[in-house]
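Here's the structure we're looking at; comments come further down.
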Amino acid sequence: MALACDLFLLLFKKSLFMKKQLFKYLLATFVFIAAAVTSHAQTRIYVKVRPTAVVVARPVAPHPNYVWIDEEWTVQNGAYVHVPGYWASPRAGHVWVPGHWTTEAKGDYWVAGHWKKV
């Protein structure tokens, strides 16, 4: 009888341990997926009048292969802030897709430039 009780307790503890491990695994998976989804979410701030374009003199490229990343707009404190253009080292197998303004019924919003795999 004692052996049966010991066996029952051992199986119960093992089952409880496995449930805890499964719960930890599922929680970690959920956190990872939530972080991945929200990290790619773009904040859309709609405006009726686009910010004034800033004219920037393009300096000489530091290297012949560098790619010019044109001016961008980023959201800070609920408003668009100008980010000047700059030279960037090209990413192998990628092309730079420039940012642009898009118009919807709510107004205009900035779509950020990004590297696109070719």
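By convention here, the first residue in the shown sequence is residue 1. Side chains included, hydrogens not; waters and symmetry mates left out as well; all remaining heavy atoms used. Bear in mind the structure is a predicted one, so any value in this text is a computation, not a measurement.
Heavy-atom minimum distance, P90 versus V67: CB-CG2, 3.9 Å. Scanning all heavy atoms of the two residues, the minimum distance from V75 to Y80 falls at CG2-CE2, 3.7 Å. What you find for T103 and R50 is that their closest heavy atoms are OG1-NH2, 3.4 Å. The minimum heavy-atom distance linking K48 with A105 is given by the pair NZ-O, 4.0 Å.
Side-chain heavy atoms closer than 4.5 Å link hydrophobic residues (I, L, V, M, F, W, Y) into clusters, and following such links, even through other members, never connects Y86 to Y66. The hydrophobic clustering, which links ILVMFWY residues whose side-chain heavy atoms are closer than 4.5 Å, places W115 and V111 apart. Hydrophobic clustering of Ile, Leu, Val, Met, Phe, Trp and Tyr side chains at less than 4.5 Å, counting indirect connections, keeps W73 apart from V83.
With contacts defined as side-chain heavy-atom distances shorter than 4.5 Å, the pair P51/W101 qualifies. For the pair Q76 and T74, the minimum side-chain heavy-atom distance is below 4.5 Å. A 4.5 Å side-chain heavy-atom check between R44 and E104 finds at least one atom pair inside the cut-off. Side-chain contact between H82 and V56 is present, with heavy atoms from C-beta onward closer than 4.5 Å.
Between the side chain of K106 and the backbone N or O of V47 there is no donor-acceptor pair closer than 3.5 Å. Checking side-chain atoms of W87 against main-chain N and O of P59 turns up a donor-acceptor pair under 3.5 Å. A donor-acceptor contact shorter than 3.5 Å links the side chain of E72 to the backbone of G113.
With rounding to the nearest 0.5 Å, the separation of CG in D108 from CD1 in I45 is 13.5 Å. Separation of atoms NZ (K116) and CH2 (W96) is listed at 13.5 Å; rounding is to 0.5 Å.
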V54 vs E71, side chain to side chain contact (heavy atoms under 4.5 Å, CB included): CA-CA, chis, key distance, verdict: CA-CA 8 Å; V54 178; E71 66 183 26; 4.1 Å; yes
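If you look at Y46 and W110, their ring centroids are not closer than 6.0 Å.
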